[in-house]
Amino acid sequence: MTTLNPAQMDEIAARHPAVFHRSFWQRFRVAIIAGGFVLYALYCWWFFAIGHVLGTANWNIAGTYLADWVSYEVRPEVTIDPDGAMKLTYPRFSPLGPNAEPDWVEIERGTMTRTTPSAGAATDTAQKPASMGFMGTGGTIGGSATAANAMATATTREEEVVKRAKITLNSSTSVEVVPERVTVQHSGETLLVEIAGSDMTVEGVLPAWATQKAPGEKITLSFGVAGWGEIEADDISIRKRFFGWANFLFDTNSPFHGKPLSEVFSLVTSGERIDPKQSNLSLAWDNILYNAEWQHLDVWTKLLQTIVMAFVGTLFAMLLAFPLAFLAARNITRSWISNQVTKRLFDFLRSVDMLIWALFFTRAFGPGPLAGMSAIFFTDTGTLGKLYSEALENIDDKQREGVKSVGAAPAAVQRFGVLPQVMPLFASQALYFWESNTRSATIIGAVGAGGIGLKLWEAMRTNSDWENVAYMVLLILIVVFVFDGISNALRSRLMGKPAH
C-alpha cells in the first residue's frame with residue numbers, strides 16, 4: 001500500500017478540485033434532515049393538539065378497560081331504606097349466579113318491625129280528594145280523615161333485614177356498612193361516612209383513594225387492582241375484581257357451574273346421569289357450546305364465516321383478475337383501448353375502499369357474509385389485476401419468443417412462455433391477500449358484513465363485556481398466526497425456497 005505525503009495530496013487536490021470539493025448538501029444534509037424531522041414533529045404536535053389530548057385523557061378509564069380484558073367484577077350492592085332496613089343484592093347476571101353467598105361478604109341478619117301502608121289505603125288516599133268546607137276548613141278535616149284511614153289500614157310486621165354487612169376485597173381493604181355509618185379501610189387508612197337519611201357526612205379529611213366533587217355528593221373509592229366502589233346515602237356499591245374469565249366453560253345455569261375440574265371430570269366419566277335423556281359428557285359439551293355468557297358456538301361459527309368470507313372473496317378475485325390482467329398488459333394484448341379500459345376498471349375497483357364496498361353491499365344484500373365476500377371480491381379484483389398486469393409487463397420476452405419460434409399456437413406461447421415466469425408470483429400475491437383479508441374481514445364485519453367482526457362490535461358496544469372482546473381478539477390472532485404460517489410455507493414452496 002502506497003502512502004501519500006501531504007505535499008502529494010495537495011498536488012492531487014490542485015489538479016482535481018471537483019473530487020475533493022463537497023457541496024452544500026453533502027456537508028449539511030444530516031443536519032437538514034434532522035431539522036426537517038424535528039419541525040415536522042412540532043407541526044404534528046400543534047396541528048393535532050397532542051399535548052391537549054394527552055392532558056385531558058381519562059387514563060383511569062383506559063386502565064379499567066384494559067383490566068377488564070383479563071378480569072371480571074363481582075358487584076355486591078347494599079341499599080338502605082328510609083326506616084334503616086338494609087338489603088344486600090347482586091346484579092341479575094352476576095358471575096356468582098343466583099343465591100350468591102361468597103365467603104368474602106359477611107352478613108349479620110336480624111328482625112325489624114316495619115310498617116307499610118296497604119294497597120287499599122294507598123288507592124283510597126289517591127282517589128279521594130279533600131273536600132273544601134266553609135272558609136277552607138273542610139279541606140283540613142277531609143285530609144285528616146284520609147290520613148287517619150291510611151294509618152288504620154297500614155300493615156305492621158316483623159321482617160328479616162340485614163343489620164350489618166362487611167365486604168372484604170383483600171387483606172388491607174374492607175367496607176363495613178351499618179344503617180347509620182360506612183367504614184372503609186384501605187392501605188392502613190380509615191374513612192368514616194355518617195349517614196342520616198339522605199345526608200352524608202365525612203369525618204375528617206378524605207384519603208387520596210377517595211374522591212367527592214362536593215360535600216354530600218357521591219364518594220368514589222379506588223382500590224387499585226382490588227376493585228373500586230361508590231358510596232351514596234341510600235346505596236353503597238362495591239366492585240371486587242378477580243383475575244381470569246368467569247364461567248368460561250359453564251354458565252350459572254349449568255349443573256356443572258362452580259364445580260372444580262376434578263369433580264366435573266368424575267361426573268363426565270363415571271357419575272350418574274344428571275339428565276336421563278343424555279350422557280353427562282354430551283350434557284357438558286352442550287353446556288359449553290351454548291354457554292349464555294360466552295356463546296362459544298356462535299363465536300366459533302362467526303369466526304368460520306370470517307375465514308370462508310376471506311377465502312371465497314380472494315379466490316373469486318384471483319380468478320377474475322387473472323384473465324383481465326392479460327388484457328391490461330401492453331406486451332400481451334396489443335390494443336390500446338383494451339389496455340386502458342381494463343386498467344381503468346382496476347383503478348375504479350381498488351380506489352373505493354373495502355369498507356365502503358361493504359356498506360354498499362350490506363344495503364344491497366342485507367347483513368351477512370355475502371356482502372363481505374362481495375366487498376373483498378371487488379376490492380381485490382382491482383388490486384390483484386393491477387399487480388398481475390404489471391408482473392406480465394415485466395416478463396422476459398426471450399422465453400416467449402423462443403416458444404413462438406418453434407411454431408407454437410398463441411395459447412401455447414402464453415402457456416409455456418409466459419405462465420412459468422409469473423405463476424409463482426401470482427400465487428404468492430394471492431396467498432398474501434388471503435392472509436390479509438382474514439384480518440380485513442373482521443373490520444368489514446363490524447358494519448354488518450357478517451363474520452366475527454359484527455360479534456366483536458356488539459361486545460364492545462355494551463361497554464362491559466371486554467373479557468368477551470379479549471376472547472374474540474385472541475381467536476382472531478390465532479387464526480392470523482396459523483394462516484400466516486400456512487401462507488409462508490406455500491409461498492416458499494412455490495418460489496422454490498426452503499420454508500423458515
Side-chain angles (χ1 to χ4, degrees), residues 18-70 208 211 213 220 222 224 310 317 343-362 372 375-376 378-387 389-391 394 429 432-449 452-454 456-463 466 469-470 472-474 476-477 480-481 484 487:
V19 175
F20 295 92
H21 176 71
R22 299 178 63 192
S23 65
F24 178 82
W25 170 250
Q26 289 175 327
R27 284 181 292 170
F28 300 103
R29 61 183 175 184
V30 175
I32 292 173
I33 293 174
F37 177 78
V38 171
L39 290 176
Y40 180 73
L42 292 174
Y43 169 75
C44 291
W45 183 277
W46 167 79
F47 187 79
F48 296 106
I50 295 177
H52 175 72
V53 171
L54 294 177
T56 57
N58 196 329
W59 299 107
N60 292 331
I61 293 180
T64 301
Y65 285 165
L66 291 176
D68 287 342
W69 282 50
V70 294
T211 57
K213 293 183 178 180
T220 302
S222 178
K343 287 185 176 181
R344 298 296 77 78
L345 174 63
F346 292 157
D347 291 342
F348 168 71
L349 292 176
R350 66 189 177 86
S351 63
V352 180
D353 190 78
M354 188 181 297
L355 187 64
I356 306 301
W357 281 122
L359 291 170
F360 173 78
F361 286 115
T362 301
I376 294 173
F378 268 54
T379 306
D380 282 6
T381 297
T383 308
L384 286 174
K386 175 181 173 59
L387 294 175
S389 63
E390 290 178 350
N394 291 313
Q429 289 171 339
Y432 171 75
F433 272 81
W434 174 48
E435 169 202 331
S436 176
N437 287 334
T438 304
R439 300 187 297 270
S440 301
T442 302
I443 304 301
I444 64 176
V447 299
I452 199 171
L454 184 59
L456 186 65
W457 175 242
E458 290 174 352
M460 294 178 69
R461 287 182 63 186
T462 62
N463 210 24
W466 291 101
V469 174
M472 286 181 273
V473 168
L474 183 61
I476 294 169
L477 286 176
V480 170
F481 291 161
D484 178 63
S487 177

Problem set entry | From OH (Tyr432) to CG (Asp484), nearest 0.5 Å | 10.0 Å

For this session: Of all the heavy-atom pairs spanning Ala317 and Asp380, show the shortest one and how long it is.
Result: CB-CB, 3.5 Å

For this session: Would you check if Phe433 and Leu387 make a side-chain contact, meaning some heavy-atom pair closer than 4.5 Å?
Result: yes

For this session: Given side-chain contact (heavy atoms from CB on, under 4.5 Å), test Val469 with Asp68 step by step and report yes or no.
Result: CA-CA 10 Å; Val469 174; Asp68 287 342; over 6 Å; no

Problem set entry | Ala459 backbone acceptor or donor facing Trp466 side chain under 3.5 Å | no

Exercise. Closest approach of Ala375 and Ala358, non-hydrogen atoms and distance?
Worked result: CB-N, 3.6 Å

Exercise. Can you tell if the side chain of Ile444 reaches within under 4.5 Å of the side chain of Ile376, non-hydrogen atoms only?
Worked result: yes

Exercise. Between CD1 of Ile443 and CE of Met354, what distance do you get to the nearest 0.5 Å?
Worked result: 10.5 Å

Exercise. Going by the angle between their ring planes, with limits at 30° and 60°, are Tyr43 and Phe47 parallel, tilted or perpendicular?
Worked result: parallel

Seminar exercise, completed: Between Lys386 and Phe346 the two heavy atoms that sit nearest each other are N-CD1, 3.7 Å

For this session: Could you give me the CA-CA distance, side-chain angles and deciding distance for Leu456 and Thr442, then say whether side-chain contact (heavy atoms from CB on, under 4.5 Å) is met?
Result: CA-CA 8 Å; Leu456 186 65; Thr442 302; 4.2 Å; yes

Problem set entry | Thr438 OG1 to Glu435 CD distance, which is reported to the nearest 0.5 Å | 7.5 Å

Problem set entry | Sub-6.0 Å ring centroid separation between Phe361 and Phe378 | yes

Seminar exercise, completed: Rounded to the nearest 0.5 angstrom, the CD-CE distance for Glu458 and Met472 is 8.5 Å

Exercise. Looking at NE2 of His52 and CG of Leu54, how far apart are the two atoms once the value is rounded to the nearest 0.5 Å?
Worked result: 10.5 Å

